[in-house]
Amino acid sequence: MTQEELFKKLIAHSKEYGFIFPSSEIYDGLSAVYDYGQLGVELKNNIKKYWWDAMTKLNDNIVGIDAAIFMHPRTWEASGHVGAFNDPLIDNRDSKKRYRADVLIEDYIAKQDDKIEKEVEKAAKRFGESFDEALFRETNPRIAEVRATREAIHGRMVKALGDNDLEELRQIILDAGIVCPISGTRNWTEVRQFNLMFETKMGSVAEGANTIYLRPETAQGIFVNFLNVQKTGRMKIPFGIAQIGKAFRNEIVARQFIFRMRDFEQMEMQFFVRPGEEMGWFEHWRETRMRWHRAMGFGDSHYRFHDHDKLAHYANAATDVEYEFPFGFKEVEGIHSRTDFDLGNHQKFSGKKIQYFDTETGESYVPYVVETSIGVDRTVLQVLSASYKEEALEGGETRVVMAIPPAIAPVKVAVLPLVKKDGLPEVARRIMNDLKFDHNVQYDEKDSIGKRYRRQDAIGTPLCVTVDHQSLEDGTVTVRYRDTMAQSRVSIAELPALVENEVSLKKLLEKVNG
RNA sequence: GCGGAAGUAGCUCAGUUGGUAGAGCAUUAGCCUUCCAAGCUAAGGGUCGCGAGUUCGAACCUCGUCUUCCGCUCCA
């Protein structure tokens, strides 16, 4: 089975058993939007709890918040999203490649600069001058010409970007004779602008409604609440604020199942530190977050770091945790050292002082931030794709089993009467009622016992408890383990402790704690 | 967004030269009682992705459209 086939099977399996459905499917679905079904929501909630506990319980200096999706529009000016998320894009029809129009022009300008430099060097050599002398003499008509067009193009680009004039941007590309680096042709489409933020209106139209955005990341809800939490929680630096919530991006290309959705969920933690100490904390969180992933037990070789060479406007260090999906290594989580960019900008845009008085140093400063930002849906996909297994059994049979870590499995225990008579269902119901306060438990009496085991395997239930006639006599039941298919006989009284031991989050959290 | 492929029951698919749909599995009910799925009986379930057009007649031909999958790009 190829990885591609595996991925297709996984998607089909996810739908068939109620993990994930296409959104509004009866209306043909909505592109890149998915719904979580009855099992998917349990899995997702368990993953969120795993993260939340790893942040807020394991660290006494991390607290959580839950900010609104709507925020004041100025937030997104301060964060840079209004600017950075509005890229003018152009396609080359021959190579089918898409470029940022301004980047194409900038590359062109850089090339012209190289050309000028070369010509100047040549002139300097010929006339026995220094580079600077040749540069400023400007009698070489070739240099003057190249420089004039370079300046003209540059000037037009700056103006076009400022005016948001997309037609002019395209005209600049045509006038400069810029060709596609791949196809070498000038067969360009129109320049289009994609605003990655979803807009909506707040207030009635009559009142003069304001455009507001659905947040494209949850982080800003933390930054704008920095002082609220720091002061009311009497937090001392270093400390962190964690948040889980939905974010929305109008992706141009959104595909690969739930890997890139337009409506997605993030788990973000912003850790506030003393300026100058950010790199140590960056390393700390880089390692801690990798431990969190690896603790799930999918195999360390399926993870790697991808350190960024090219940094975003707000960062001075950045790395990704990548997981090896069926479609290759892809980013699941980002760890960024964001400096004081966010808090500093909010201070600037709001006019409110956002500073921390450090009693140790006696200084007042804008804290630096180290961020961990993980996609919930990507983690769900990571768990699903790591867990899906088709096993060959003796006798040429196969079984599909979801080897989901027990602590995050949607259903923890299935209670099964061997037959649905002779009082076995009643005993099974009693066991279920005893366990249901602590765990998600399923009851099933339909079909043969083997078939019921397979059904539970397919949804990743780690434990099956089977009630048989012997149970009536001595109060014992069979516990059947998903991964090994092994069985053991235990007394009903021992069940709560046994189940707790098998499915407890504590084991995972201990590994994260290091 | 551009190019390629696909869309018939919950799933996997069949459906002849155009004559208005079928199988297996699954589901539900009953019987049977068996610790690793596919015993027996019965039932439910499809305006063939959607909309036009051609035709006496369209799942099938034509056009459009939507969705999904595969490449290009970005990102949590």
Side-chain angles (χ1 to χ4, degrees), chain A residues 4 7-9 11-13 15-18 21-34 84-85 87 89-100 103 182 187 189-190 192 194 196 216-219 246-249 251-261 264-268 308 312 320-321 327 330-336 371-379 381 393-395 397-401 416-422 424 445-458 464-470 477-480 482 485-487 489:
Chain A
E4 199 176 301
F7 189 49
K8 280 188 176 162
K9 281 191 175 183
I11 293 168
H13 191 85
K15 192 194 160 195
E16 188 173 354
Y17 287 91
F21 306 122
S23 163
S24 19
E25 199 183 3
I26 60 169
Y27 293 105
D28 287 331
L30 187 62
S31 187
V33 184
Y34 288 89
F85 272 56
D87 298 336
L89 300 172
I90 189 166
D91 289 314
N92 183 274
R93 291 199 182 90
D94 298 313
S95 65
K96 314 292 180 203
K97 289 276 282 184
R98 164 166 298 162
Y99 302 92
R100 267 178 60 178
V103 170
I182 306 285
N187 193 2
T189 63
E190 297 300 305
R192 288 177 308 268
F194 293 93
L196 263 70
E217 64 174 23
T218 55
K246 288 263 189 175
F248 307 85
R249 288 186 198 171
E251 298 284 350
I252 309 153
V253 174
R255 237 189 275 135
Q256 261 149 349
F257 198 34
I258 57 169
F259 185 78
R260 185 177 307 128
M261 297 198 287
F264 62 105
E265 199 160 7
Q266 292 182 308
M267 304 190 282
E268 296 198 309
H308 292 208
D320 298 334
V321 175
F327 42 87
K330 296 281 178 184
E331 178 184 0
V332 181
E333 173 157 8
I335 295 126
H336 308 119
E371 161 191 84
T372 74
S373 174
I374 173 170
V376 178
D377 313 281
R378 289 181 177 192
T379 308
L381 186 58
L393 302 178
E394 296 146 33
E397 290 188 339
T398 60
R399 70 160 181 163
V400 173
V401 55
L416 319 167
L418 189 60
V419 295
K420 56 178 170 188
K421 60 176 189 180
D422 304 333
L424 301 190
E445 59 177 26
K446 172 86 178 159
D447 297 312
S448 76
I449 190 69
K451 192 165 192 168
R452 281 178 275 168
Y453 285 154
R454 297 297 170 81
R455 269 207 284 267
Q456 295 301 327
D457 289 340
C464 290
V465 170
T466 304
V467 177
D468 58 16
H469 291 89
Q470 193 187 329
V477 290
T478 304
V479 174
R480 181 263 193 186
R482 176 194 68 199
M485 297 169 74
Q487 302 187 342
R489 192 99 201 157

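Chain letters run A, B, ... following the sequence lines, proteins first and then strands; every chain starts at 1.
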Which residues pass the salt bridge (charged side-chain N to carboxylate O under 4.0 Å, His left out) test with A/Glu331, not counting sequence neighbours? none
List in chain and number order the residues that pass salt bridge (charged side-chain N to carboxylate O under 4.0 Å, His left out) with A/Asp422, two or more places apart in sequence or in another chain; answer none if no residue qualifies. none
Identify all pairs in which a protein N or O lies below 3.5 Å from an N or O of nucleotides 10-14 of chain B, and state each distance.
{"from": "B/rC11", "atom 1": "OP1", "to": "A/Lys15", "atom 2": "NZ", "distance (Å)": "3.1"}

With the side chain defined as heavy atoms from C-beta on, A/Tyr34 is closest, among B/rA76, B/rC32, B/rC69, to B/rC69
Nearest-neighbour nucleotide for the A/Arg378 side chain, B/rU27, B/rA76, B/rC69 considered: B/rA76
If the P atom of B/rA43 is compared with that of B/rA59, how far apart are they to the nearest Å? 27 Å
Sorted by chain and residue number, the salt bridge (charged side-chain N to carboxylate O under 4.0 Å, His left out) partners of A/Lys15 (sequence neighbours excluded) come out as A/Glu25
Winner on side-chain proximity to A/Arg260, out of B/rA76, B/rU28, B/rC32, is B/rA76
Please identify each residue that fulfils salt bridge (charged side-chain N to carboxylate O under 4.0 Å, His left out) with A/Arg454, with sequence neighbours left out. A/Glu397
Under the rule for side chain to side chain donor-acceptor pair (under 3.5 Å), what residues qualify as partners of A/Asp377, not counting sequence neighbours? A/Tyr36
What does the list of N/O pairs under 3.5 Å between the protein and nucleotides 35-37 of chain B look like, with a distance for each?
{"from": "B/rC35", "atom 1": "O2", "to": "A/Tyr453", "atom 2": "OH", "distance (Å)": "2.8"}
{"from": "B/rC35", "atom 1": "O2", "to": "A/Gln487", "atom 2": "OE1", "distance (Å)": "3.2"}
{"from": "B/rC35", "atom 1": "O2", "to": "A/Gln487", "atom 2": "NE2", "distance (Å)": "2.5"}
{"from": "B/rC35", "atom 1": "N3", "to": "A/Thr478", "atom 2": "OG1", "distance (Å)": "3.2"}
{"from": "B/rC35", "atom 1": "N4", "to": "A/Asp468", "atom 2": "OD2", "distance (Å)": "2.7"}
{"from": "B/rC35", "atom 1": "N4", "to": "A/Thr478", "atom 2": "OG1", "distance (Å)": "2.9"}
{"from": "B/rC36", "atom 1": "O2'", "to": "A/Arg454", "atom 2": "NH2", "distance (Å)": "3.2"}
{"from": "B/rC36", "atom 1": "O2", "to": "A/Arg480", "atom 2": "NH2", "distance (Å)": "3.0"}
{"from": "B/rC36", "atom 1": "N3", "to": "A/Arg480", "atom 2": "NE", "distance (Å)": "2.9"}
{"from": "B/rC36", "atom 1": "N3", "to": "A/Arg480", "atom 2": "NH2", "distance (Å)": "3.2"}
{"from": "B/rC36", "atom 1": "N4", "to": "A/Arg480", "atom 2": "NE", "distance (Å)": "3.3"}
{"from": "B/rC36", "atom 1": "N4", "to": "A/Met485", "atom 2": "O", "distance (Å)": "2.5"}
{"from": "B/rC36", "atom 1": "N4", "to": "A/Gln487", "atom 2": "NE2", "distance (Å)": "3.1"}
{"from": "B/rA37", "atom 1": "OP2", "to": "A/Glu397", "atom 2": "OE1", "distance (Å)": "2.3"}
{"from": "B/rA37", "atom 1": "OP2", "to": "A/Glu397", "atom 2": "OE2", "distance (Å)": "3.3"}
{"from": "B/rA37", "atom 1": "OP2", "to": "A/Arg454", "atom 2": "NH2", "distance (Å)": "3.0"}
{"from": "B/rA37", "atom 1": "O4'", "to": "A/Lys451", "atom 2": "N", "distance (Å)": "3.4"}
{"from": "B/rA37", "atom 1": "N7", "to": "A/Arg454", "atom 2": "NH1", "distance (Å)": "2.9"}

Start at the 5' end of RNA chain B and walk down; is the nucleotide closest to A/Pro22 or to A/Lys421 reached first? A/Lys421
With sequence neighbours left out, the residues meeting ring pair (Phe, Tyr, Trp, His ring centres under 6.0 Å) with A/Phe248 are none
Could I get the full list of ring pair (Phe, Tyr, Trp, His ring centres under 6.0 Å) partners for A/Phe21, not counting sequence neighbours? none
A/Tyr453: what forms a ring pair (Phe, Tyr, Trp, His ring centres under 6.0 Å) with it, not counting sequence neighbours? none
Non-neighbouring partners of A/Tyr17 that pass ring pair (Phe, Tyr, Trp, His ring centres under 6.0 Å), sequence neighbours left out: A/His13
Please write out the pairs of protein N or O atoms and N or O atoms of nucleotides 43-51 of chain B separated by less than 3.5 Å, giving the distance to one decimal.
{"from": "B/rG49", "atom 1": "O2'", "to": "A/Asp28", "atom 2": "OD1", "distance (Å)": "3.4"}

